[in-house]
Colleague: 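There's a structure below that I have some questions on.
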2 protein chains.
Amino acid sequence: MTDKAPPARPRRAATLADVGREAGVSAMAASAVLNSPTTSTRISKETQERVLAAAKKLRYRPNQTARALVDRRMNALGLVGMLAGGDPNLYFLEVFDGVVQEATARGQIVTVFNVGSWEAASRLIPQYCDGRVDGLILVAPMIDAPASEWLPEHAPAVAVHPNHAVPGVANLRADDEGGARQAVNRLLGLGHRRILHVGGPVGYMGAELRCQGFRRACEAAGVGVPADYIVRTDFTAEGGAQAMDAWLQSHQGQPLPDAIFAASDGIALGCLERLQARGLRVPEDISVIGFDNTLFARAARLSTVAQPLRTLGRLAVQALLTSIEAHRDGHAATDATETVLDTTLIERATLAAPRATPLLIA
Amino acid sequence: MTDKAPPARPRRAATLADVGREAGVSAMAASAVLNSPTTSTRISKETQERVLAAAKKLRYRPNQTARALVDRRMNALGLVGMLAGGDPNLYFLEVFDGVVQEATARGQIVTVFNVGSWEAASRLIPQYCDGRVDGLILVAPMIDAPASEWLPEHAPAVAVHPNHAVPGVANLRADDEGGARQAVNRLLGLGHRRILHVGGPVGYMGAELRCQGFRRACEAAGVGVPADYIVRTDFTAEGGAQAMDAWLQSHQGQPLPDAIFAASDGIALGCLERLQARGLRVPEDISVIGFDNTLFARAARLSTVAQPLRTLGRLAVQALLTSIEAHRDGHAATDATETVLDTTLIERATLAAPRATPLLIA
DNA sequence: GTGAAAGCGCTAACAG
DNA sequence: CTGTTAGCGCTTTCAC
């Protein structure tokens with residue numbers, strides 16, 4: 001005999017129709033009430049109250065996916081990056097932090113896409129544009145294929161620290177070369193001359209620019225850079241540790257460098273660990289400077305070059321939102337822009353003047 | 001005279017109807033082809049190929065929000081946590097890492113919701129259940145109100161390190177008390193007796209349990225704990241630094257503690273910084289041990305208690321997915337479960353035997 | 001084998 | 001002021 005609707009449907013979010021039924025009005029009346037911005041005044045006070053009461057009773061929440069279907073907008077931003085399995089990617093994490101803060105402030109949610117490797121990315125990225133997000137923020141993308149092949153029809157996107165500037169979108173990065181020069185100039189100013197650069201991976205624009213900044217600063221100071229005083233490795237502590245060991249091993253009996261300029265804090269940390277393991281003191285025996293000013297640096301009391309990572313994240317959100325607006329208004333994609341932010345030198349406990357008499361490598 | 005459809009609509013993702021039109025078949029034929037699982041054989045080879053070719057040409061991607069509307073499932077998981085403005089929340093970040101890895105492996109995307117404060121959370125969380133995600137992972141939620149008030153109708157959810165176990169959902173955490181005992185027992189084993197505990201905020205279950213583990217380990221060893229040897233502060237480096245300074249200030253002229261057990265790596269780092277600033281040597285003058293084994297710990301060469309944070313993240317995803325399945329199959333909410341993972345002691349460079357003669361605080 | 005029709009929850013454009 | 005109709009892009013059921 002339970003022919004009519006049973007008392008309450010257990011597990012299904014209340015819908016506008018439910019609210020309308022409860023309040024004795026149509027679903028669209030309920031819609032009108034619950035979305036005051038446009039049409040609130042059209043509904044009588046009395047009806048409004050009934051609807052509001054019903055919505056509250058039923059704990060009504062508008063279904064955003066249904067809404068997205070009609071106004072073609074999810075209010076969700078996609079963050080694409082590579083979260084390696086090994087040590088957490090602190091660089092990514094700080095940008096992420098900035099992105100989440102700004103997105104939240106702008107009423108957007110952030111969805112994270114983890115590309116296992118950038119080789120897979122050009123296949124994966126198109127799949128991310130499936131309506132669940134309105135645009136993409138690419139963090140340190142390392143993609144060689146031309147964007148037209150993998151970026152769906154000028155989908156709204158921005159790139160932070162891309163290996164090549166992505167055409168047709170906003171590109172944001174820090175001044176890697178300038179930052180490297182700041183670091184090296186400081187080392188030079190302290191009197192260091194034999195400076196080892198433990199650089200990042202070949203092919204990464206950031207790594208290349210830091211390497212170039214290193215060379216230029218040395219050149220400008222008239223300091224020669226022997227070929228073996230530049231090595232390249234991964235942007236990780238393991239990479240730094242291996243590079244450091246390998247270098248020391250292959251230079252036994254020769255003088256220890258005065259200082260090391262590492263292309264990232266992770267690399268610097270690896271160097272530090274290997275140096276300490278050999279009983280070498282930092283900064284008394286050798287100075288070290290990193291890059292990024294991630295948490296690593298603070299915890300290790302490492303001097304470093306700070307990039308405004310969180311700011312980069314916030315700006316990326318702003319640029320992306322602008323681009324999304326333009327896109328929905330039918331404006332052509334705003335042409336590629338390139339924004340470069342300044343870096344700052346942070347001095348901590350790994351910098352000192354060189355030793356009077358260089359140590360020999362054991 | 002462009003009366004018919006113009007050559008190509010510029011900016012709008014291709015739809016099933018578009019594909020069908022291009023291939024000269026109906027939209028549902030296209031649908032049937034492009035979603036082989038159920039109905040692939042029903043369509044003729046020839047039609048299949050035409051559809052596939054059209055889809056490729058048009059770069060067709062199924063719209064997940066439309067699909068979600070019909071099968072009530074977004075394949076997106078929500079991660080709710082508090083990303084404070086100050087130092088990045090490394091604890092959150094590591095759990096996050098595990099969540100993203102596992103979710104990606106299971107074909108789910110992860111959406112991050114940042115509650116500015118847990119006070120706001122009970123208002124915010126219901127809003128997150130708006131169809132954009134299928135379930136929620138609450139990371140270290142600190143909510144006093146009963147779950148029935150803020151968790152929408154037993155929406156699928158799991159909690160990692162909740163301050164109270166959330167009823168009706170899976171609760172996951174590490175063995176905080178056991179971990180604390182491990183740490184303290186190690187200190188005791190080295191011969192330390194006057195151990196200062198710099199604990200986390202009052203009210204956080206994790207902080208309380210670590211504090212309790214500290215007390216119990218001392219009691220079990222017959223070591224008394226004066227009331228002023230337990231202080232509480234925020235889970236941050238700043239908190240640790242302030243607490244350390246305040247304690248040293250108020251104990252001038254008294255003997256320095258043998259060792260410090262900090263309730264988090266962040267706190268430990270703050271302590272370390274203040275100790276070093278006073279010229280005290282770790283571990284020669286005083287031993288320090290942290291909790292969490294975040295990056296902080298490694299970079300600062302800090303001994304600590306490791307929690308399987310990434311594993312917690314992975315398990316949370318698995319539990320949530322199970323719960324989502326149960327939910328859609330109409331099974332009642334699986335009753336609350338509680339999973340407690342073991343911790344591991346990690347020894348680095350901040351542990352040593354106590355000094356023969358205690359130092360006095362300057 | 002294939003198309004027509006209905007509906008997921010919502011909003012927009014009209015009628016009444 | 002309010003209800004009806006149509007449609008966002010997709011899937012499912014059911015005729016043909």
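The analysis underlying the following values was restricted to heavy atoms, covering all of them including side chains, and did not include hydrogens, waters or symmetry mates. Below, chains carry the letters A, B, ... as their sequence lines are ordered, and counting in each starts from 1.
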Colleague: Would you mind telling me which of D:dT4, C:dT2, C:dC10 lies closest to the side-chain atoms of A:Arg67?
Modeller: C:dC10

Colleague: Hey, does the side chain of A:Arg72 come within less than 4.0 Å of D:dG9's phosphate (OP1/OP2), counting only N and O?
Modeller: yes

Colleague: For the residue pair A:Phe96 and B:Phe96, does the interplanar ring angle fall in the parallel (under 30°), tilted (30 to 60°) or perpendicular (over 60°) class?
Modeller: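 Aromatic pair A:Phe96/B:Phe96 classed parallel.
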
Colleague: Is A:Asp130 salt-bridged to A:Arg132, cutoff N-O under 4.0 Å?
Modeller: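 Yes, this pair counts.
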
Colleague: B:Leu69 or B:Ala29: which one's nearest nucleotide on DNA chain C is closer to the 5' end?
Modeller: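 With B:Leu69 and B:Ala29 compared, the 5'-side residue is B:Ala29.
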
Colleague: I need the CZ-P distance between A:Arg328 and D:dC8, as an integer number of Å.
Modeller: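 To the nearest whole Å, that distance equals 16 Å.
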
Colleague: For the residue pair B:Leu58 and B:Ala14, what are the closest heavy atoms and their distance?
Modeller: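 Taking every non-hydrogen atom into account, O-CB, 3.6 Å.
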
Colleague: Between A:Arg12 (CZ) and C:dG7 (C1'), how many Å, whole number?
Modeller: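 For the pair A:Arg12 CZ and C:dG7 C1', the rounded distance is 12 Å.
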
Colleague: State which of C:dA4, D:dG7, C:dT2 makes the closest approach to the side chain of B:Ser44.
Modeller: C:dT2

Colleague: Any side-chain N or O of A:Ser31 less than 4.0 Å from the OP1 or OP2 oxygen of C:dT11?
Modeller: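 Yes, within the criterion.
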
Colleague: Grab the CG-P distance between B:Leu34 and D:dT12 for me, whole Å please.
Modeller: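 Taking CG of B:Leu34 and P of D:dT12, I get 14 Å after rounding.
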
Colleague: Backbone N or O of B:Ala159 within a donor-acceptor pair of the B:Asn171 side chain at under 3.5 Å?
Modeller: no

Colleague: Name the closest nucleotide to the B:Val70 side chain, picking from C:dG3, D:dT4, D:dT11.
Modeller: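 For B:Val70, the side-chain atoms sit closest to D:dT11.
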
Colleague: For A:Asn75 and C:dT11, give me the distance from atom CG to atom P, rounded to whole Å.
Modeller: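 Those two atoms, CG and P, are 12 Å apart.
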
Colleague: Look at all strands and tell whether A:Thr65 reaches a base, only sugar-phosphate, or nothing, counting heavy atoms closer than 4.0 Å.
Modeller: nothing

Colleague: From C:dT11, C:dG3, C:dG9, pick the nucleotide closest to the side chain of B:Met28?
Modeller: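 Nearest nucleotide to the side chain: C:dG3.
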
Colleague: In whole Å, what is the span from the CE atom of B:Met74 to the P atom of D:dG9?
Modeller: 15 Å

Colleague: When the distance from CG of A:Leu16 to P of D:dT2 is rounded to whole Å, what number comes out?
Modeller: 16 Å

Colleague: Using atom P in both nucleotides, what's the gap between C:dC10 and D:dC1 to the nearest angstrom?
Modeller: 25 Å

Colleague: Could you give the CG-to-P distance, from A:Leu58 to C:dG9, as a whole number of Å?
Modeller: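 My rounded result for the distance is 13 Å.
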
Colleague: Starting at atom CD of B:Gln64, determine the distance to atom P of D:dC8, rounded to an integer number of angstrom.
Modeller: 19 Å

Colleague: Using a strict 4.0 Å threshold on nitrogen-to-oxygen distance, state whether B:Lys45 and B:Glu49 make a salt bridge.
Modeller: no

Colleague: With the side chain of B:Ala66 defined as its heavy atoms from C-beta on, choose the nearest nucleotide among D:dT12, D:dC8, D:dC10.
Modeller: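 My answer, after comparing the listed nucleotides, is D:dC10.
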
Colleague: Return the 5'-most residue of the pair A:Tyr60, B:Lys45 with respect to DNA chain C, ranking by each residue's nearest nucleotide.
Modeller: B:Lys45

Colleague: Quick one: is D:dT2 close enough that its OP1 or OP2 comes under 4.0 Å of any side-chain N or O from A:Thr47?
Modeller: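 Checking A:Thr47 against D:dT2: at least one side-chain N or O falls below 4.0 Å of OP1 or OP2.
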
